[in-house]
Enquirer: 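Have a look at the structure that comes next, please.
Every value quoted in this text rests on a predicted model; they were computed, and no experiment measured them. Below, each value reflects all heavy atoms present in this structure, side chains not excepted, and no hydrogens, waters or symmetry copies.
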Amino acid sequence: MIKNRESAARSRARKQAYTNELENKISRLEEENKRLRMHKAPEPVVQYVPQQEPKNQLRRVNSADF
C-alpha cells in the first residue's frame, strides 16, 4: 500500500512538472509570436480586377457527359 502511494505521488509530481514545462513553453511561444508580428513587414494589398470578356465571343460549354 505504501508503494502505491509513493508511485501515485511520483506520478503526480511528473504530471505537475510536465504541466509547468508546457506552461513555460506557451509563454515563450506567445512572446515569440508577438515579437515576430511586430517585426513582420506589412504585405501589399493586391486587388483582383476581373478581365471583361469581349462581346460576341463564343464560349465552350459542356453539352453532354462522357
Enquirer: Using atom types as modelled and distance alone, determine if a side-chain donor or acceptor of Ser7 lies under 3.5 Å from a backbone N or O of Lys3.
Expert: no

Enquirer: Go through the structure and list residues passing side chain to side chain contact (heavy atoms under 4.5 Å, CB included) with Asn20, not counting sequence neighbours.
Expert: Gln16, Glu23

Enquirer: Apart from Leu22 itself, which Ile, Leu, Val, Met, Phe, Trp or Tyr residues share its cluster (side-chain heavy atoms under 4.5 Å, direct or through members)?
Expert: Tyr18

Enquirer: Which pairs would a plain distance check flag for residues 31-38, meaning a side-chain donor or acceptor within less than 3.5 Å of a matching protein atom at least two apart in sequence or in another chain?
Expert:
residue	atom	partner	partner atom	Å
Asn33	OD1	Arg37	NE	3.2

